[in-house]
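To start, the structure itself, in structure tokens.
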Amino acid sequence: MTQESLQDDAISRREFISRSLKAGAALAAVGAAGYCLHDRNGPAARPADSSFSLPDFSAGGQGGRMAIVTGSDRVKTVNAALSALGGIGAFVKKGDRVVLKVNAAFATSPSLSATTHPQLTAEVARLCLAAGAASVVVTDNPINDPASCFTLSGIEAAARGAGAKVALPRENSFVPYSVPGGKLIVRWPFLAQPLSGVNKIIGIAPVKHHERSGASMAMKNWYGLLGGRRNTFHQDIHNIIMELAMMIRPTLVILDGTTTMMHNGPTGGSLDDLAATNTMIVSTDQVAADAFGVTLLGKTSADLPYIAKAAAAGCGTADWQSLKPIRAEAT
């Protein structure tokens with residue numbers, strides 16, 4: 001991809017300044033809450049026990065399925081991938097309450113591919129509502145200030161424009177949670193409020209290099225459902241990603257490899273870090289999605305220990321080819 005074509009996707013300087021001003025105003029309004037949700041005291045400050053539990057969000061009877069579509073238009077590729085799997089109606093039914101877990105971790109322009117693309121967020125939200133979903137909520141617990149991240153990434157405006165609600169994390173959004181069989185996520189602050197009453201969850205993440213884990217994709221995306229001093233988990237990065245996959249059994253994962261961050265992830269910051277890989281992956285199997293997604297980074301699943309760990313934990317298969325993915329080209 002040329003520098004010019006990458007810049008075509010960038011928001012204008014005027015729009016970026018406008019978003020910055022809006023983010024500043026939002027930051028002033030929610031600054032105290034944003035500061036608290038990082039929980040300086042960590043999980044020890046939380047109650048020791050909780051009755052909170054997470055359901056299995058997977059679409060019953062679907063098994064492991066995957067579609068891989070090539071093309072540079074995210075709207076076309078995600079629609080083609082979903083159509084190959086029977087359409088969004090095969091996963092989202094009338095009356096369903098849906099959460100779209102995006103990656104809104106950083107207060108950056110969507111052109112830098114550090115966050116879920118707003119165009120993709122809007123299209124998936126629109127499709128879910130068209131399928132009869134009673135509600136669609138878009139959420140994440142960003143690394144940076146939530147209001148700034150959702151504004152500057154373009155995700156908030158895109159989600160609301162498509163008819164979805166946006167749930168920013170607040171101090172009271174978290175409850176202590178333990179992953180059954182987990183050793184790291186034990187009585188840990190979990191972003192529960194946006195998931196209240198929800199029966200379907202779709203993860204939407206970009207394909208990115210990550211300096212510690214090797215890649216940040218579908219499974220790593222669930223990291224944004226944790227609060228507390230979660231950066232401590234980076235000391236055991238592959239096991240925490242395994243436990244994240246144990247934590248959430250998704251309805252679908254959508255892995256956006258339209259523009260892949262090849263270097264300096266997960267934040268990036270330069271168009272030079274990016275490459276046009278023009279691929280959209282939609283799967284019911286998050287392990288398989290990551291196992292294929294890493295090939296866009298020029299690696300194999302063997303380069304990422306967390307993939308084998310998640311497969312061994314029963315979260316999916318590392319042998320993505322065994323799913324006999326449907327391949328197509330969006331036109």
Side-chain angles (χ1 to χ4, degrees), residues 1 66 68 70 74 81 101-106 108 110 112-117 120 140 142-143 153 184 202-226 230-231 233-248 250 252-283 285-313 315-321 323 325:
M1 178 177 278
M66 177 186 287
I68 302 168
T70 58
R74 289 178 173 87
K101 168 56 181 76
V102 297
N103 182 330
F106 306 106
T108 60
L112 296 176
S113 295
T115 52
T116 300
H117 200 280
L120 182 58
D140 189 26
I143 292 172
S153 67
L184 298 173
I202 299 173
I204 313 176
V207 179
K208 303 191 292 182
H209 166 260
H210 192 283
E211 63 181 23
R212 287 187 178 270
S213 63
S216 175
M217 298 181 289
M219 289 187 278
K220 180 69 164 58
N221 186 37
W222 307 126
Y223 182 78
L225 292 176
L226 302 181
R230 60 189 183 183
N231 61 323
F233 289 139
H234 280 167
Q235 306 306 313
D236 197 358
I237 191 71
H238 296 290
N239 282 322
I240 189 59
I241 297 177
M242 174 191 70
E243 290 198 13
L244 292 172
M246 293 166 61
M247 181 177 75
I248 299 292
L252 282 174
V253 292
I254 299 174
L255 198 51
D256 181 8
T258 307
T259 304
T260 295
M261 185 184 293
M262 306 298 292
H263 314 286
N264 299 315
T267 57
S270 170
L271 297 177
D272 292 336
D273 294 327
L274 310 180
T277 46
N278 294 328
T279 305
M280 188 71 66
I281 305 111
V282 176
S283 184
D285 186 322
Q286 59 185 327
V287 181
D290 278 9
F292 175 79
V294 74
T295 67
L296 301 180
L297 289 163
K299 301 178 181 182
T300 70
S301 58
D303 296 317
L304 304 180
Y306 70 78
I307 291 180
K309 287 175 177 288
C315 302
T317 180
D319 182 11
W320 61 268
Q321 292 175 312
L323 301 186

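Counting heavy atoms from C-beta outward, F292 and I68 have side chains that approach closer than 4.5 Å. Contact of the W320 side chain with the S301 side chain is not registered, since no non-hydrogen atoms from C-beta on lie closer than 4.5 Å. Residues R74 and D256 meet the side-chain proximity criterion, which asks for heavy atoms closer than 4.5 Å. Between V207 and L297, some side-chain heavy-atom pair lies under the 4.5 Å cut-off. Under the 4.5 Å side-chain criterion, counting only non-hydrogen atoms from C-beta, I237 is not in contact with E211. Between L226 and F233, some side-chain heavy-atom pair lies under the 4.5 Å cut-off. Here the side chains of Q235 and R212 are in contact, with some heavy-atom distance below 4.5 Å.
With hydrogens and angles disregarded, no donor-acceptor distance shorter than 3.5 Å links the side chain of N278 to the backbone of T259. Panel note: side chain Q286, backbone L252; no donor-acceptor pair is recorded below 3.5 Å. Side chain of K299 to main chain of G214: a donor-acceptor pair is present (N/O by atom type, distance under 3.5 Å, no hydrogens or angles). K208 places a side-chain N or O within 3.5 Å of a backbone atom of P266 that can act as its donor or acceptor partner. With hydrogens and angles ignored, the 3.5 Å screen pairs no side-chain donor or acceptor of H210 with any backbone N or O of A215. Remark: side-chain polar atoms of K101 are not paired, donor with acceptor, to backbone N or O of I202 under 3.5 angstrom. Between the T116 side chain and the I204 main chain, a donor and an acceptor come within less than 3.5 Å of each other.
Under the salt bridge (charged side-chain N to carboxylate O under 4.0 Å, His left out) criterion, D290 pairs with no residue, sequence neighbours left out.
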* To do: Tell me, with the steps shown, if L225 and M247 meet side chain to side chain contact (heavy atoms under 4.5 Å, CB included).
  => CA-CA 10 Å; L225 292 176; M247 181 177 75; 4.2 Å; yes
* T115/V102 under side chain to side chain contact (heavy atoms under 4.5 Å, CB included): CA gap, chis, key distance, verdict -> CA-CA 8 Å; T115 52; V102 297; over 6 Å; no
* Between M246 and C315, is a side chain to side chain contact (heavy atoms under 4.5 Å, CB included) present by the stated rule, with each step listed? -> CA-CA 6 Å; M246 293 166 61; C315 302; 3.7 Å; yes
* Dump the intermediate steps for ring pair (Phe, Tyr, Trp, His ring centres under 6.0 Å) on Y223 and H234, then the final yes or no. => CA-CA 11 Å; Y223 182 78; H234 280 167; 5.5 Å; yes
* To do: Determine, stepwise, if the pair S270 / N264 fulfils side chain to side chain contact (heavy atoms under 4.5 Å, CB included).
  => CA-CA 9 Å; S270 170; N264 299 315; over 6 Å; no
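A distance of 6.5 Å separates CG in L112 from CG in L274, rounded to the nearest 0.5 Å. How far CE of M219 is from OG of S213: 10.0 Å, rounded to the nearest 0.5 Å. N221 CG to S216 OG: the interatomic distance, rounded to the nearest 0.5 Å, is 7.0 Å. With rounding to the nearest 0.5 Å, the separation of OG in S283 from CG in L323 is 6.0 Å. Here the straight-line distance linking atom CD1 of I241 with atom CG of L244 works out to 7.0 Å at 0.5 Å rounding. Here the CG-CE distance, from D236 to M242, works out to 8.0 Å after rounding to the nearest 0.5 Å.
Residues M261 and S113 come closest through the heavy atom pair CE-O, 3.7 Å. Across all their heavy atoms, A291 and V294 have their closest contact at O-CG1, 3.4 Å. N103 and P206 make their closest contact through CB-CD, 4.0 Å (heavy atoms, listed as atom of the first residue, atom of the second, distance). Of all non-hydrogen atoms in A318 and I307, the two that sit nearest each other are CB-CG2, 3.7 Å. The two residues G293 and M217 make their nearest non-hydrogen contact at C-SD, 3.6 Å.
Between L296 and the options T277, T258, L255, a side chain to side chain contact (heavy atoms under 4.5 Å, CB included) holds for only T277.
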